[in-house]
Protein chains: 2
Amino acid sequence: MPSPKIARPSSRPVRSAPLQAASLRQTRRAHATETAEDYVEAIADLALAMGEARVVDLARRLGVTHVTVNHTLARLQRAGYLSALPYRAIFLTPHGQRLAKICQQRHEVVVAFLQALGVPPKIAERDAEGIEHHVSPRTLAAFARHLAQ
Amino acid sequence: MPSPKIARPSSRPVRSAPLQAASLRQTRRAHATETAEDYVEAIADLALAMGEARVVDLARRLGVTHVTVNHTLARLQRAGYLSALPYRAIFLTPHGQRLAKICQQRHEVVVAFLQALGVPPKIAERDAEGIEHHVSPRTLAAFARHLAQ
DNA sequence: TCTGTAATGTAGCTAAGGCTACATTATGGA
DNA sequence: TCCATAATGTAGCCTTAGCTACATTACAGA
Ligand SMILES: [Mn+2]
Ligand SMILES: [Mn+2]
Ligand SMILES: [Mn+2]
Ligand SMILES: [Mn+2]
């Protein structure tokens with residue numbers, strides 16, 4: 001063992017090790033589902049806007065190459081979020097549709113909330129794309145409450 | 001080419017493909033620096049609380065094994081955030097200290113802001129751990145403004 | 001009907017960030 | 001002084017998520 005372990009001389013609010021560890025675990029868990037959330041949301045958006053979701057459109061919207069899209073779609077199909085046949089459009093399963101709806105709504109609330117705080121629209125959109133995945137139901141409710149004045 | 005590309009029959013606010021792609025790129029960029037931010041913040045906290053930061057303490061606080069800590073520390077050392085010698089404590093470089101200070105302050109603002117909205121402390125802490133990395137300067141300023149009433 | 005080309009798919013690479021299992025070192029206390 | 005053991009380090013594995021380069025397919029229009 002190194003040595004002292006004396007009490008901290010600090011004044012800053014120091015989170016306990018267990019709470020911080022739990023928080024970081026939760027953040028990593030959120031990142032693990034983040035890709036699924038963004039993909040199903042984009043697929044639902046495209047289906048609504050253009051009738052169907054194709055790989056190129058997804059690649060354009062997600063800012064990645066079509067190779068990355070293909071690779072990820074295979075994983076999401078294995079996970080049961082969507083179905084796809086070679087050279088055909090992509091369709092959400094009921095499971096994927098449920099997730100998409102939740103994500104669309106949460107996305108809108110986060111963007112609206114940031115804009116209500118005075119954040120410019122494009123910056124609000126940018127920040128929301130990351131923030132949304134770390135907003136718990138309680139926090140989302142607080143955002144909605146604030147929006148309703 | 002598939003076919004129609006007819007105008008969308010929707011009413012939902014649909015973000016443009018370029019804006020959404022840019023937002024997602026920014027989110028991925030944030031995730032790339034997120035580990036560095038959490039590590040230097042934890043190292044600064046530990047240095048203050050216990051005089052020095054050791055691998056076991058970091059592992060406990062970050063909720064990962066000491067192997068993961070070692071691996072990541074090697075990368076962060078290469079990136080110039082910290083210095084470490086085998087079997088010795090870890091120290092932040094001036095570069096790392098600068099980043100740590102920014103992250104500590106931002107973290108506190110985000111937590112305080114969520115709590116001010118009525119989010120319970122532990123949930124605020126949990127969500128903040130993820131949200132903080134996606135809060136732009138403009139949004140952080142908006143949070144601070146709201147805190148100052 | 002045929003075909004040029006856009007869309008889609010595949011092979012194979014990189015890096016980050018996790019892990020278990022095992023090896024090595026440092027040191028507090030007997 | 002010396003050693004048990006906690007701390008630290010290393011080897012090697014996995015998954016996700018990017019990429020380039022190249023192969024294949026589908027289909028709109030000539
Ligand atoms: Mn997102
Ligand atoms: Mn979104
Ligand atoms: Mn964090
Ligand atoms: Mn994130």
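- Of the candidate nucleotides C:dT10, D:dT8, D:dT16, C:dT10 has the atom nearest to the side chain of A:V67.
- For D:dA17, the OP1/OP2 oxygens have no side-chain nitrogen or oxygen of A:T72 closer than 4.0 Å.
- Hydrophobic clustering, defined by side-chain heavy atoms of Ile, Leu, Val, Met, Phe, Trp and Tyr closer than 4.5 Å, groups A:L147 together with A:V109, A:V110, A:F113, A:L114, A:L117, A:V119, A:I123, A:I131, A:V135, A:L140, A:F143, B:V109, B:V110, B:F113, B:L114, B:L117, B:V119, B:I123, B:I131, B:V135, B:L140, B:F143, B:L147.
- At the phosphate of C:dG17, OP1 or OP2 sits under 4.0 Å from a side-chain N or O atom of B:R75.
- Hydrophobic cluster of A:L85: no remaining members, since no ILVMFWY side chain lies below 4.5 Å from it.
- Between the CG atom in B:D57 and the NE2 atom in B:H66 there is a gap of 13.0 Å [rounded to 0.5 Å].
- Separating the CD atom of B:Q77 from the P atom of D:dT8 is a distance of 15 Å, rounded to the nearest angstrom.
- Partner A:T72 forms a side-chain contact (heavy atoms from CB on, under 4.5 Å) with one of A:T68, A:V69, A:N70 and no other, that one being A:T68.
- Taking a cutoff of 4.0 Å between a charged side-chain nitrogen and a carboxylate oxygen, A:D45 and B:R15 qualify as a salt bridge.
- If you measure from atom CG of B:L76 to atom C1' of C:dG17, you get 11 Å, rounded to the nearest angstrom.
- Distance, A:L73 CG to C:dG9 P: 8 Å, rounded to whole Å.
- In this structure, B:E37 pairs ionically with B:R106, as a charged nitrogen and a carboxylate oxygen lie closer than 4.0 Å.
- When heavy atoms are screened at a 4.0 angstrom cut-off, A:V64 is found touching the sugar-phosphate backbone but no base atom.
- Comparing atom distances between the B:T65 side chain and each of D:dG9, D:dT20, C:dC19 picks out C:dC19 as nearest.
- For B:R54 and D:dT8, the shortest distance from a side-chain N or O to OP1 or OP2 is below 4.0 Å.
- Between the NE2 atom of B:H31 and the C1' atom of C:dG18 there is a distance of 16 Å, rounded to whole Å.
- In this structure, B:R78 and B:T68 both approach DNA chain C, and ranking their closest nucleotides by distance from the 5' end singles out B:R78.
- The CG-P distance, from A:N70 to D:dG18, rounds to 13 Å in whole Å.
- Using a 4.0 Å heavy-atom cutoff across all strands shown, B:V55 reaches sugar-phosphate atoms only and no base atom.
- Proximity note for A:T35 (side chain, C-beta onward) versus D:dA17, C:dG9, C:dC19: the nearest is D:dA17.
- Residue contacts for B:R88: at a heavy-atom cut-off of 4.0 Å it reaches the sugar-phosphate backbone alone, with no base atom in range.
- Nearest nucleotide to the B:V56 side chain, out of C:dG18, D:dA7, D:dG18: D:dA7.
- Scanning atom types as modelled, one donor and one acceptor separated by under 3.5 angstrom connect the side chain of A:H66 and the base of C:dG9.
- Between A:H71 atom NE2 and C:dT10 atom P there is a gap of 12 Å when expressed in whole angstrom units.
- When each of C:dG18, C:dT8, D:dC19 is scored by its nearest atom to the side-chain atoms of A:R28, the top-ranked nucleotide is C:dG18.
- Distance CZ (B:R25) to P (D:dA17): 17 Å, rounded to an integer number of Å.
- Counting to the nearest Å, the P atom of D:dT16 and the CD atom of A:E37 are 16 Å from each other.
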